[in-house]
Amino acid sequence: MPLSQAPAQMEAVTQIGEPESSYLLLDKGLQFRITDAVNSMYNFDFEQAERGFQVMRYTYPEHPLPYFLMGLSQWWKITVATENESYDALFLRYMDETIEKAANLLEEDPENKEAAFFLAGAYGFQGRLHSERKNWTSATIAGKNALKYLELSRGEEELNPELLLGDALFNYFSVWIPENYPLLRPVMLLFPKGDQQLGLQQLEEVAENAFYARVEAQYFLFRLYASEEKQPFKALEITAYLHEKYPNNPYFHRFFARQLYAVGRGKEAMEVSLEILNRIDAGWTGYEANSGRYASFFAAQYFDRMGQQALARKHYLQTVRFGDELNSQDSGYYLFALLQLGKLAIDQGDDSEARRFLEAVKANAKRRHPAHKEARAILKENKL
């Protein structure tokens with residue numbers, strides 16, 4: 001059946017012998033037809049991706065899925081450079097439309113797990129953006145709604161890995177949120193306590209078996225393995241796969257370089273970082289100062305260790321310029337780039353420049369910051 005002739009509430013017939021489902025998320029035929037659009041979105045070819053999602057919206061005007069995907073496309077434009085607010089309004093509009101369509105489905109069928117999944121997802125994404133923008137009241141309201149519908153969408157793991165993403169995030173973050181955000185503990189008391197290890201296992205299953213939720217699960221996994229779980233090699237494995245699969249995604253490119261650096265593969269981190277910097281210079285979509293801040297620092301560190309002081313200095317200065325462009329003078333990359341520039345100046349016998357860089361560290365870092373402490377010690381030791 002051509003896509004344009006498919007009814008809005010069609011029952012998906014997957015393969016002969018497989019059970020039918022009324023959930024559009026499970027329509028294997030639709031998944032096949034929009035694979036290119038979904039892959040284009042994650043590979044930052046948004047024009048092609050959104051053409052595919054608009055066709056789906058025309059075909060399924062009352063279903064939340066196409067609106068959610070259009071919103072997700074805006075989200076990835078935001079993710080790579082969160083200081084850019086130009087996509088916020090369109091993103092929020094698509095998520096509002098997702099909520100409206102999903103709420104209609106839930107009103108028709110209060111047991112509709114698919115509708116609850118989209119409500120949880122749309123509110124969850126809205127909450128993430130409001131948190132990023134420090135709109136704490138809006139973030140709290142969206143978060144409460146996301147948790148409510150996340151609970152409603154649970155318990156369907158035998159049905160489909162798409163819906164399992166809700167279980168996975170609930171299990172992990174219902175433990176993580178109270179531990180890391182004490183102000184939200186009273187909210188979390190309203191819900192059952194989760195299981196973090198089970199949450200990780202479920203995320204792995206979604207990353208392996210889902211269609212729509214696969215990459216989002218992989219995103220959460222590499223972030224969790226890199227930071228909360230302290231398993232950098234697992235994070236590297238996932239980021240290496242994502243960069244290979246979506247080579248033009250600057251976010252995955254950036255974190256691939258970061259994980260190479262984290263596990264001590266400095267030469268490879270430098271090579272990947274120089275590729276990122278070249279793409280920034282060439283104006284590739286999504287390659288901007290935030291990616292440059294990471295990449296220039298990783299490149300500088302490699303050249304510094306190799307004794308190539310001119311190249312190290314060039315890239316540390318580049319790190320500082322990107323930091324100034326982002327107004328992130330209190331970030332670790334910025335402060336340690338200044339610190340290393342001060343050390344290089346001392347090696348070159350330029351006390352005046354060394355003092356300028358080290359005083360800049362003190363001016364931008366809190367007194368208890370390691371860079372501030374080291375800058376004070378170097379200034380004192382060298383009587384600058």
Side-chain angles (χ1 to χ4, degrees), residues 42-46 75-88 132 219 222-223 226-227 232 235-236 239-240 242-244 246-306 308-345 357 360-361 363-365 369 371:
Y42 287 118
N43 207 32
F44 270 58
D45 184 352
F46 296 114
W75 175 255
W76 276 96
K77 298 172 190 177
I78 294 168
T79 297
V80 75
T82 53
E83 69 282 352
N84 181 358
E85 300 183 14
S86 62
Y87 303 107
D88 287 16
E132 187 67 43
Y219 163 88
F222 82 69
R223 294 294 301 264
S227 57
L236 174 60
T239 53
L242 288 170
H243 176 57
E244 182 179 6
Y246 307 108
N248 299 336
N249 183 312
Y251 192 84
F252 297 153
H253 204 168
R254 175 202 311 170
F255 272 86
F256 179 45
R258 183 176 178 176
Q259 289 311 119
L260 286 168
Y261 177 79
V263 301
R265 289 163 61 173
K267 186 173 188 295
E268 292 168 88
M270 175 272 292
E271 291 167 348
V272 172
S273 295
L274 292 182
E275 183 180 37
I276 291 170
L277 294 170
N278 287 336
R279 291 187 178 188
I280 293 171
D281 289 341
W284 283 47
T285 300
Y287 283 83
E288 42 58 70
N290 209 12
S291 294
R293 182 168 57 100
Y294 285 71
S296 53
F297 186 81
F298 300 149
Q301 287 272 280
Y302 175 78
F303 292 127
D304 203 349
R305 285 195 297 271
M306 294 297 104
Q308 296 175 264
Q309 291 193 337
L311 283 172
R313 186 178 188 279
K314 170 189 171 182
H315 289 294
Y316 283 132
L317 285 170
Q318 199 173 28
T319 306
V320 172
R321 285 197 298 273
F322 283 128
D324 286 333
E325 183 178 335
L326 293 164
N327 197 28
S328 60
Q329 290 88 350
D330 59 347
S331 73
Y333 292 117
Y334 186 90
L335 296 172
F336 283 106
L338 287 173
L339 189 66
Q340 294 305 116
L341 284 165
K343 293 178 181 179
L344 289 173
F357 286 128
V361 174
N364 288 288
H369 193 285

Below 4.5 Å, heavy atoms only, C-beta onward: do [X] and [Y] meet side chain to side chain?
| X | Y | value |
| --- | --- | --- |
| V320 | Y334 | yes |
| L277 | Q318 | yes |
| L339 | Y316 | no |
| T285 | N248 | no |
| R279 | P250 | no |
| Q309 | R313 | no |

Rounded to the nearest 0.5 Å, what separation is found between the [atom1] atom of [X] and the [atom2] atom of [Y]?
| X | Y | atom1 | atom2 | value |
| --- | --- | --- | --- | --- |
| L311 | M306 | CG | CE | 12.5 Å |
| D324 | T319 | CG | OG1 | 11.0 Å |
| E83 | N290 | CD | CG | 5.5 Å |
| L236 | E268 | CG | CD | 8.5 Å |
| Y219 | R223 | OH | CZ | 4.5 Å |

Under 4.0 Å between a side-chain nitrogen and a carboxylate oxygen: does that hold for R321 and E325?
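Not counted as a salt bridge, because no side-chain N and carboxylate O are separated by less than 4.0 Å.
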What class does the angle between the rings of [X] and [Y] fall in, given that below 30° is parallel, 30 to 60° is tilted and above 60° is perpendicular?
| X | Y | answer |
| --- | --- | --- |
| Y261 | F297 | perpendicular |
| Y251 | F255 | tilted |
| F222 | F252 | perpendicular |

Donor-acceptor pair, distance only, cut-off 3.5 Å: does the side chain of D304 make one with the backbone of A300?
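Side chain of D304 to backbone of A300, a donor-acceptor pair under 3.5 Å: no, none is there.
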Return yes if some donor-acceptor pair links the side-chain N/O of N43 with the main-chain N/O of D45 below 3.5 Å, else return no.
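Such a contact is absent between N43 side chain and D45 backbone.
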Who passes salt bridge (Lys or Arg N to Asp or Glu O under 4.0 Å) against D330, sequence neighbours left out?
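By the salt bridge (Lys or Arg N to Asp or Glu O under 4.0 Å) rule, D330 matches no residue at all.
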Y294 six-ring face occupied by R254 cation (under 6.0 Å, within 45°)
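Flagged: R254 positioned over aromatic ring of Y294.
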Using the ring-ring contact (aromatic ring centres under 6.0 Å, His included) rule, pick out the option among F298, Y302, Y333, F303 that qualifies with H315.
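Of F298, Y302, Y333, F303, ring-ring contact (aromatic ring centres under 6.0 Å, His included) with H315 is met by F303 alone.
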Nearest heavy-atom neighbours spanning [X] and [Y]:
| X | Y | answer |
| --- | --- | --- |
| A295 | S273 | O-CB, 3.2 Å |
| A299 | M270 | CA-CG, 4.1 Å |
| L335 | A371 | CB-CB, 4.0 Å |
| T79 | T82 | O-CG2, 3.8 Å |
| I280 | S291 | CD1-C, 4.2 Å |
| S296 | F322 | OG-CD1, 3.8 Å |

Results of ring pair (Phe, Tyr, Trp, His ring centres under 6.0 Å) for H253 - residues two or more places apart only
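For H253, the residues satisfying ring pair (Phe, Tyr, Trp, His ring centres under 6.0 Å) (neighbours in sequence not counted) are H243, Y287.
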With sequence neighbours excluded, residues passing ring pair (Phe, Tyr, Trp, His ring centres under 6.0 Å) with Y246
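By the ring pair (Phe, Tyr, Trp, His ring centres under 6.0 Å) rule, Y246 matches Y42.
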